[in-house]
Chemist: 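Please find one structure pasted underneath; my questions will follow.
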Protein chains: 2
Amino acid sequence: MDYAAANVSERRFLPPRVAVSTVAFALRPPAEGANPHPSESEPHNITLWLPLVRRTRDPFRGQWALPGGPLTWNESLSDTSRRTLADTTGASPRYLEQLYAFGEPERSASDQRLVTIAYWALLTNDEIAGDTGVQTVSEPAAAQRSSGQLGNGQLSNVAWFSADSLPDLAFDHADIVNYALWRLRNKTEYSTVAYRFLGESFTLAQLRVVYEAVLGKQSDPANFRRQALASGHLRETGRVETGVGYRPAKLYSFSDVDHAASDTRRSS
Amino acid sequence: MDYAAANVSERRFLPPRVAVSTVAFALRPPAEGANPHPSESEPHNITLWLPLVRRTRDPFRGQWALPGGPLTWNESLSDTSRRTLADTTGASPRYLEQLYAFGEPERSASDQRLVTIAYWALLTNDEIAGDTGVQTVSEPAAAQRSSGQLGNGQLSNVAWFSADSLPDLAFDHADIVNYALWRLRNKTEYSTVAYRFLGESFTLAQLRVVYEAVLGKQSDPANFRRQALASGHLRETGRVETGVGYRPAKLYSFSDVDHAASDTRRSS
DNA sequence: GCAAAAGTGTTCCTGTTACACCCATGG
DNA sequence: CCATGGGTGTAACAGGAACACTTTTGC
C-alpha cells in the first residue's frame with residue numbers, strides 16, 4: 001500500500017488522495033514602515049492577513065501553500081482543517097466553514113490525483129498563536145529571504161502574508177485564496193461573519209473598522225450604528241471602553257441567537 | 001489493490017473513497033389522480049421532483065439513493081456528476097453546481113470511508129430523458145411497490161420522486177437533498193437560477209409559475225413582471241405564445257450576460 | 001361584447017443614504 | 001472650554017408591495 005512510490009503511469013490505478021486546506025484570515029495593521037503617512041483614500045491601517053506554509057516535499061517543494069494535510073481515517077473534514085491549522089500555525093479559529101472541493105484531475109502535478117476540500121476561517125487576535133516560531137512579512141520577497149532562520153535560531157516554515165500581496169502559491173491555492181476572499185466579502189455584506197474577527201466585547205467603531213477593512217470602503221458611522229443595532233445580533237454589555245481621550249463608547253457583545261451551522265452563499 | 005475485500009478493522013489502513021452524487025431537480029405536475037380539485041391555497045399544480053436510484057449493493061442495498069458514483073481517474077468532479085447522472089437517469093442538465101463535500105468518518109457504514117462531493121442540477125423538461133425505462137411515482141410506497149418491473153418488462157432501478165415525499169434514503173442523502181432544496185430556494189430569491197427550469201423561450205407567466213413553485217408562495221403578476229424585466233436578464237424574442245384563448249403573452253429568452261461559473265451563497 | 005389574462009399606473013410603505021447636529025469625556 | 005469621537009435626528013431617495021385600471025386576444 002505504498003502509493004507514494006508509484007510513478008505517473010500508474011496514476012490511473014491509484015485512488016485519489018484526499019486533503020484539506022484552510023484559508024485562515026486575520027486582521028492586522030500593515031507591516032511596520034509601510035505607509036507611514038496614510039492618505040485620506042486609505043484611512044485605515046488594517047488589512048487582511050493569512051498564514052502560509054512552505055512545502056518541504058514534492059510537488060511544489062519550497063513554494064508557499066495553504067496550511068493543510070491529508071484526511072486521517074477517524075477525523076471529520078473540519079477536524080482535519082482545525083488540526084492541520086493548529087499544528088502548523090498554532091491558530092484555533094472559532095469560525096470555520098467549508099469553502100469548496102477542488103478536484104481537477106491534473107491539479108496536483110504528481111503521481112497521484114489530489115482532491116482538496118478547502119475551508120476558510122476567521123481568527124480573532126487571541127486565536128492566533130503567540131509570535132514564537134511564526135513570523136510576519138509584508139511582501140513575498142521578504143518572506144522568501146527571511147524564511148527559515150528566525151532570530152532565536154529556530155527553523156520555521158510558516159509565515160503570515162498580507163492577502164493583497166501573496167507569493168506564488170503551490171497547486172491552485174491562489175484560486176482557493178481568491179475564492180475565499182470573495183466569499184468573505186460577499187458574506188460580510190449580508191451576514192454577521194465579520195463579527196468573528198472581534199473578541200468577546202467591542203465597540204461599534206471597532207466593528208465598523210472591521211467592515212471597512214474587509215469591504216475596502218468606508219461607512220457612515222451614524223448609519224452603520226443603526227444598521228448594526230437593528231440586526232439584533234448585538235447585546236450591550238453594560239461596560240464602556242476605557243483609556244480614550246474622549247467620550248468612551250459602549251461595549252457590545254455578539255449574541256448568536258440561532259447557533260445553527262454557518263452557511264454559504266454566492267452570487268451571479 | 002482489492003480494497004472492497006477488506007474488513008472493517010482495516011478501515012484505518014484504507015484511503016477514503018471519493019464519490020460524487022447529484023441532486024437533479026425538475027418541475028412537474030403532481031401525480032395523476034392526486035389533488036383533483038386544487039384549492040385556493042394550493043393554486044399551482046407544479047412541484048419539484050428529483051430522480052433516485054435503487055442501490056444494488058451493500059451498504060444500504062435496496063434503498064433509494066442519489067444518482068452518483070466514484071470519481072474516475074481522468075474525470076473532473078463535475079464531469080463525474082454529469083456522467084453518472086446521464087448514465088442512470090438519462091438527464092443532461094445545463095445548470096450544474098457543486099453543493100458541498102460530505103465526509104464524516106462514519107457516514108458510509110462500510111469497511112471503507114466515503115467522501116462524497118454533492119452537486120445539484122436544474123433540468124428543463126427536454127433535458128430529462130424520454131420516459132423509456134424511467135418511471136414517475138408520487139409517493140414512496142408506490143415506488144417501492146412498482147420499482148423493478150416496468151410495463152414493457154424491463155427492469156429499472158430509477159424513479160422520480162416528489163421532493164416533498166421522499167422515501168428513506170441511503171447514507172446521509174436525505175441531508176444532502178434538504179440542503180440542495182434550501183440552496184435552490186435561497187438562490188432563487190437573489191439570482192436567476194430559476195430561469196434554468198425553462199427552455200429557450202417562455203412567457204413571464206411561465207417564469208412566475210416556476211418561482212411560485214420553487215418558493216411555495218404566490219407573486220403579484222404585475223410586480224413580478226417589473227422585477228423580472230428590471231433584472232436585465234430577459235430579452236424579447238419578438239414572438240408571442242399561441243393557442244391560448246386570451247391575449248397572447250410575449251415570449252422572452254434568458255440572456256446570460258456574464259457567463260461566469262455559477263456561484264453559491266448561504267445565509268444565517 | 002364577454003371572459004381571461006396581459007400589461008400599465010399609482011400609492012403606500014420601508015429601509016438606505018447623506019449630513020446636520022447634540023452629547024460626554026479627558027485633558 | 002476645547003477637541004474628539006460617540007450618539008441622535010431628519011430629509012431625500014430608491015425599491016418593493018398592494019391594487020386599481022386599461023389592453024388585447026379568442027370565442
Side-chain angles (χ1 to χ4, degrees), chain A residues 38 40-41 43-46 186 188-192 194 198 201-213 215-253 267-268, chain B residues 38 40-41 43-46 185-186 188-192 194 198 201-253 267-268:
Chain A
E40 282 303 311
S41 63
H44 289 303
N45 267 342
I46 305 231
N186 190 338
T188 296
E189 288 185 329
Y190 66 85
S191 80
T192 54
L198 297 168
S201 66
F202 47 86
T203 67
L204 287 173
Q206 290 172 326
L207 181 62
R208 181 167 48 84
V209 165
V210 170
Y211 270 80
E212 291 175 343
L215 298 179
K217 65 178 181 194
Q218 292 194 258
S219 304
D220 180 294
N223 295 329
F224 181 86
R225 145 183 308 278
R226 268 184 293 253
Q227 286 170 234
L229 293 175
S231 78
H233 290 285
L234 287 175
R235 211 187 48 229
E236 284 194 29
T237 63
R239 290 173 286 137
V240 293
E241 65 180 339
T242 56
V244 292
Y246 45 84
R247 173 176 177 177
K250 289 178 183 169
L251 286 169
Y252 293 86
S253 66
S267 69
S268 183
Chain B
E40 281 304 310
S41 61
H44 288 302
N45 266 343
I46 304 230
R185 289 181 173 134
N186 190 336
T188 296
E189 288 184 330
Y190 67 85
S191 80
T192 54
L198 296 167
S201 66
F202 47 86
T203 69
L204 288 173
Q206 289 171 325
L207 181 62
R208 181 166 48 83
V209 165
V210 169
Y211 271 78
E212 291 176 344
V214 172
L215 298 179
K217 66 179 181 194
Q218 291 194 259
S219 304
D220 179 293
N223 294 330
F224 182 86
R225 146 184 306 279
R226 267 184 293 254
Q227 287 170 234
L229 292 175
S231 78
H233 290 284
L234 288 175
R235 212 187 49 228
E236 284 194 28
T237 62
R239 290 172 286 137
V240 293
E241 65 180 339
T242 56
V244 291
Y246 45 85
R247 174 176 177 177
K250 289 179 184 171
L251 287 168
Y252 293 86
S253 65
S267 70
S268 185

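Chain identifiers are assigned alphabetically (A, B, ...) following the order of the sequence lines, protein sequences preceding nucleic acid strands; residue numbering begins at 1 within each chain.
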Chemist: On DNA chain D, nearest-nucleotide positions of A/G245 versus A/L204: which is more 5'?
Modeler: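 Comparing both residues, the 5'-ward one is A/G245.
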Chemist: Atom CD of B/Q227 and atom P of D/dA14: how far apart are they, to the nearest Å?
Modeler: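 It is 17 Å, rounded to the nearest whole Å.
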Chemist: Give a yes or no on whether a donor-acceptor pair under 3.5 Å exists between the nucleobase atoms of C/dG15, that is its base, and the side chain of A/R226.
Modeler: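 Flag unset: no donor-acceptor pair detected.
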Chemist: Between C/dC19, C/dT16, D/dG6, which nucleotide gets closest to the side-chain atoms of A/A249?
Modeler: D/dG6
Chemist: Quick check: closest heavy atoms across B/L251 and B/E241, and the distance to 0.1 Å?
Modeler: CG-N, 3.9 Å
Chemist: For residues A/T237 and A/S253, report the shortest heavy-atom separation together with the two atoms involved.
Modeler: CG2-N, 3.8 Å
Chemist: Can you find a pair of side-chain heavy atoms, one from B/T188 and one from B/R185, that are under 4.5 Å apart?
Modeler: no
Chemist: I need the NZ-C1' distance between B/K250 and C/dG7, as an integer number of Å.
Modeler: 8 Å
Chemist: What is the distance, rounded to the nearest whole Å, between atom CG of A/L234 and atom C1' of D/dG7?
Modeler: 15 Å
Chemist: Rounded to whole Å, please give me the gap between CG in B/L229 and P in D/dG16.
Modeler: 13 Å
Chemist: Rounded to the nearest Å, what distance is computed from the CZ atom of residue B/R225 to the P atom of nucleotide D/dG16?
Modeler: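 So the CZ-P distance, B/R225 to D/dG16, works out to 16 Å.
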Chemist: Quick check: on DNA chain D, is the nucleotide nearest A/Y246 upstream (toward 5') of the one nearest B/A222, or the reverse? Name the residue that is more 5'.
Modeler: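 Nearest-nucleotide comparison on DNA chain D picks A/Y246.
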Chemist: I need the minimum non-hydrogen distance between A/A194 and A/V210, along with the two atoms involved.
Modeler: O-CG1, 3.6 Å
Chemist: Is the phosphate of D/dG5 approached by A/R247 (side-chain N or O, under 4.0 Å from OP1 or OP2)?
Modeler: no
